[in-house]
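Beneath this line is the structure, given in structure tokens, with notes to follow.
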Number of protein chains: 2
Amino acid sequence: MARVVSLKKAKSAAVPADGREELVEIAVDLFAARGFAGTSIRDIADVAGRSVSNIYHYFENKEALWFAIFERSIKALPGQLREAIEGVEGPRERFIALVRGHLDVTEHYRREAKMFFIDEERLSPAGNRINKRVQRDILSIYVAEIEGLRRAGLLAPGDTQIAALNTLGAINWYLRWSRAGMSGPKRAEVVDQVLQFILRGVGCA
Amino acid sequence: MARVVSLKKAKSAAVPADGREELVEIAVDLFAARGFAGTSIRDIADVAGRSVSNIYHYFENKEALWFAIFERSIKALPGQLREAIEGVEGPRERFIALVRGHLDVTEHYRREAKMFFIDEERLSPAGNRINKRVQRDILSIYVAEIEGLRRAGLLAPGDTQIAALNTLGAINWYLRWSRAGMSGPKRAEVVDQVLQFILRGVGCA
DNA sequence: TCATCAATAGATCAATCGTTCTAGAGCGGG
DNA sequence: CCCGCTCTAGAACGATTGATCTATTGATGA
């Protein structure tokens with residue numbers, strides 16, 4: 001409620017259009033850049049051009065802000081990854097679909113991804129547990145698919161979990177160094193090279 | 001000075017043996033776990049069992065503590081990487097020596113590595129510049145060696161810099177998930193699998 | 001023996017932190 | 001018209017922050 005009634009504010013702004021959403025948008029920017037502990041409520045209020053108490057009108061406390069970011073982004077990631085491989089036939093094709101899906105989805109969550117694997121131990125025990133659960137969930141998806149590769153004889157020898165972690169390393173690192181502005185064929189090329197790296201490494205076996 | 005004269009304290013402690021060094025040791029622990037902004041001077045003082053002003057006796061300010069950690073660890077990394085490949089013949093052998101050397105050296109800098117690629121934008125402009133310079137330095141070493149692979153026809157097609165970034169992703173990610181306690185043949189196996197991943201990916205080309 | 005000085009603790013500073021309180025403005029339904 | 005609601009600002013709270021000041025200890029060297 002309180003959102004459905006808004007017929008008044010036909011604000012043509014890019015995305016926010018909502019006081020609460022605009023605050024989340026600013027918060028994720030600052031949290032990703034300076035970290036959770038490094039960002040004060042007043043920092044967010046200043047950027048938003050509103051008062052501190054306004055933020056507390058929408059969010060119970062600072063961590064609720066963090067949680068709102070989580071809910072609109074990373075929370076859905078495991079489900080989206082499962083969607084990406086749903087119905088795909090063949091272990092190699094499934095794995096490729098998984099990695100591609102992951103790179104595509106998180107493209108829009110770049111700041112959030114950075115936030116979440118940077119601030120690990122900095123939250124309340126509850127927040128920490130949530131964070132860890134999702135990360136474990138994602139890892140298990142990769143382990144399952146890589147297990148499929150192994151059964152098909154498509155996997156280099158070694159531990160399955162380590163292979164999954166290495167894969168996630170390449171993906172998450174990509175989110176760190178790649179620039180958000182990139183789009184179109186240029187981006188497709190880069191994503192393709194990351195995928196190729198995961199499949200065959202630098203090349204010299 | 002102030003250190004050379006110390007013949008008195010033959011403290012048999014594990015590592016510290018020096019008030020200043022003990023503080024650096026504790027600081028790197030806390031910075032890696034909670035981040036720079038998330039760790040207060042009092043946190044460090046409490047763990048060390050000393051007073052706040054004692055810390056300020058050794059360090060001008062909080063960032064000087066960060067800088068001391070940098071100076072005894074990551075600062076030397078580019079030089080150590082260059083050492084690791086010095087005199088090695090053959091582009092493939094050089095690249096392998098580089099990755100292995102990197103994994104070996106940073107094994108002892110696990111916390112520091114985490115600290116430095118987590119706290120990016122959280123420092124003064126000066127600290128930020130130092131951080132970025134080292135990271136660029138390391139990247140250039142990888143680019144040069146991968147360029148060597150390319151000339152020898154040992155590289156998969158694609159951009160050299162992206163290949164270097166992917167490689168660093170696997171390495172830095174390893175530092176995140178691997179446990180410090182591991183040693184001996186078990187660790188060698190894991191390191192080997194990370195190297196193999198960098199060379200040939202998960203296996204299914 | 002005494003002056004010096006590194007090393008320590010404790011009190012204290014102004015600033016900032018997360019958070020709460022009070023209150024006004026604008027709007028809709030009765 | 002006024003009641004109640006959402007949205008907003010500003011002042012203020014106690015706690016914590018990075019940093020400083022003052023003072024005491026104990027050892028070293030003259």
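Chain naming here is simple, since letters A, B, ... match the order of the sequence lines and numbering starts at 1 in each.
The aromatic rings of F31(A) and F36(A) sit tilted relative to each other, their planes meeting at an angle between 30° and 60°.
In this structure, D43(B) places its CG atom 6 Å from P of dT17(D), rounding to the nearest Å. Computed from coordinates, the I41(B) CD1 to dT12(C) P distance equals 21 Å when rounded to whole Å. Here dG10(D) presents its P atom at 13 Å from CZ of R42(A), a figure rounded to the nearest Å. To the nearest angstrom, C1' of dT6(D) lies 14 Å from CZ of R20(A). One atom, CD of E22(B), and another, C1' of dT8(C), lie 13 Å apart when rounded to the nearest Å. In this structure, the CD1 atom of I44(B) is 15 Å from the C1' atom of dT16(D), given to the nearest Å. When rounded to the nearest whole Å, the span between CZ of F59(B) and C1' of dT20(D) equals 18 Å. One interatomic measurement links the two molecules: CD1 of I55(A) to P of dC7(D), which rounds to 15 Å at whole-angstrom precision.
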Stepwise salt bridge (Lys or Arg N to Asp or Glu O under 4.0 Å) check, R34(A) with D29(A): CA-CA 9 Å; R34(A) 314 182 195 168; D29(A) 252 344; over 6 Å; no
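Contact between the side-chain N/O atoms of S40(A) and the OP1/OP2 oxygens of dC17(C) is found at a separation under 4.0 Å. For the OP1/OP2 pair of dT6(D) and a distance below 4.0 Å, the side-chain nitrogens and oxygens of Y58(A) include no atom meeting the criterion. Look at Y56(A) and you won't find any side-chain N or O under 4.0 angstrom from OP1 or OP2 of dC21(C). Side-chain N/O atoms of H57(B) include one lying less than 4.0 angstrom from OP1 or OP2 on dA7(C). An OP1 or OP2 oxygen of dA9(D) is reached within less than 4.0 angstrom by a side-chain nitrogen or oxygen of N54(A).
Judged by atom type and distance alone, S53(A) reaches the base of dG10(D) through a side-chain donor-acceptor pair under 3.5 Å.
In this structure, G38(A) reaches neither bases nor backbone, as no heavy-atom distance under 4.0 Å exists between it and the strands shown. Residue contacts for R50(B): at a heavy-atom cut-off of 4.0 Å it reaches the sugar-phosphate backbone alone, with no base atom in range.
To the nearest 0.5 Å, atom NE2 of residue H102(B) and atom CD of residue Q80(B) are 9.5 Å apart.
Taking the six-membered ring for Trp and the full ring otherwise, F116(A) and W66(A) have centroids separated by under 6.0 Å.
In this structure, E145(A) does not pair ionically with R150(A), as no charged nitrogen and carboxylate oxygen lie closer than 4.0 Å.
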